[in-house]
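In listed order, ligands and their atoms are each counted from 1.
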Amino acid sequence: MAERGVLIVVSGFSGAGKGTIVKKIIEENDNYALSISMTTREPREGEKEGVSYFFVSKERFEDAISNGELVEYANYVGNYYGTPKKYVEDMIESGKDVILEIEMQGAMQVKTRFPDAVLVFVTPPNADELKRRLMSRGTESEEVVNKRMKRAYEESAFVDRYDYLLVNDDLDKCVKELHMLIEASHHAPNCSAGLLKSINEQLKIYA
Ligand code: 5GP
C-alpha cells in the first residue's frame with residue numbers, strides 16, 4: 001500500500017505570489033494534488049467553476065459547514081472560503097501530497113486538526129512590493145486593495161505560527177525551496193509509521 005501523502009498549507013499575504021508558486025510546483029512535479037476551495041466570492045474574469053474555485057451561494061456554503069463537508073473554513077474580507085474534505089482525504093490516502101492554498105485562520109484550523117501538516121507562509125520582500133503586486137493585478141478596486149493591505153498588517157503578527165517562511169523575490173528559487181521542504185517532511189518518522197512498526201516487531205526477539 002502507498003505511504004500516505006503529506007498535507008501542505010501554503011498561506012501568504014494576498015498578492016504575495018503564492019498562487020503562482022503553487023501552480024508552478026504542480027506543473028513541474030506529478031506527486032502533488034491541489035485542493036479546489038469552495039467560496040461565496042464572485043468569480044473574477046477568467047476564473048472557471050471547479051478549476052479556480054467552486055463558486056457557491058452563502059446558503060450552500062453554510063450547509064456545507066453544518067454537514068461537516070469542510071476540512072476548514074474562514075471568512076475573508078466579507079466572503080466565505082473553505083476546503084472540501086473528501087478530495088483531500090482521498091488524495092492523501094492514495095499517496096499524493098495535497099496542497100491547500102488558504103489564508104491564516106483556515107491554516108490554524110488545519111494545524112489543530114492535522115498536527116503533521118506542513119505550514120508554509122509566503123511573503124514578498126517588503127510592503128511596497130506587496131501593494132505594487134496587488135495594484136498590478138488590475139482586478140480589484142483601490143478600496144479592496146487597501147482592505148487586503150490592512151489584512152496583511154494584521155496577519156503579519158501571526159506568521160511565527162507557521163513552520164516555514166518563504167520570501168518570494170525569485171519565483172524559481174521559491175518553487176525549489178518549497179519542493180525541498182515538502183520532500184524533507186516525508187522523512188518525518190510519522191510518515192513511515194508502517195515501516196517503524198515493522199522494524200519494532202523485528203527487533204522484539206532481541207528484547
Ligand atoms: P482570493 O479571493 O484572492 O482568491 O482569496 C482570498 C484569500 O482566501 C487568499 O488568501 C486565499 O489563499 C484564501 N483562500 C482560498 N481558498 C481558501 C480556503 O478554502 N480556505 C481558507 N481558509 N482560505 C482560502
Donor-acceptor contact present, side-chain Ser14 to main-chain Arg148, <3.5 Å
no

Those protein residues which place at least one heavy atom below 4.0 Å from ligand 1:
Lys18, Ser37, Arg41, Arg44, Tyr53, Glu72, Ala74, Tyr76, Tyr81, Gly82, Thr83, Glu101, Ile102, Glu103, Gly106, Arg148

Taking C-beta and beyond as the side chain, do Tyr73 and Ile65 meet within less than 4.5 Å on heavy atoms?
yes

Quick one: do Met108 and Phe121 end up in the same hydrophobic cluster if we chain Ile, Leu, Val, Met, Phe, Trp and Tyr together by side-chain heavy atoms under 4.5 Å apart?
yes

Do Phe55 and Arg41 make a side-chain contact, defined as non-hydrogen atoms from C-beta onward lying under 4.5 Å apart?
yes

Does the side chain of Phe61 reach to within under 4.5 Å of the side chain of Leu70, using non-hydrogen atoms?
yes

Any idea which heavy atoms bring Ile99 and Leu34 closest together, and the distance?
O-CD1, 3.5 Å

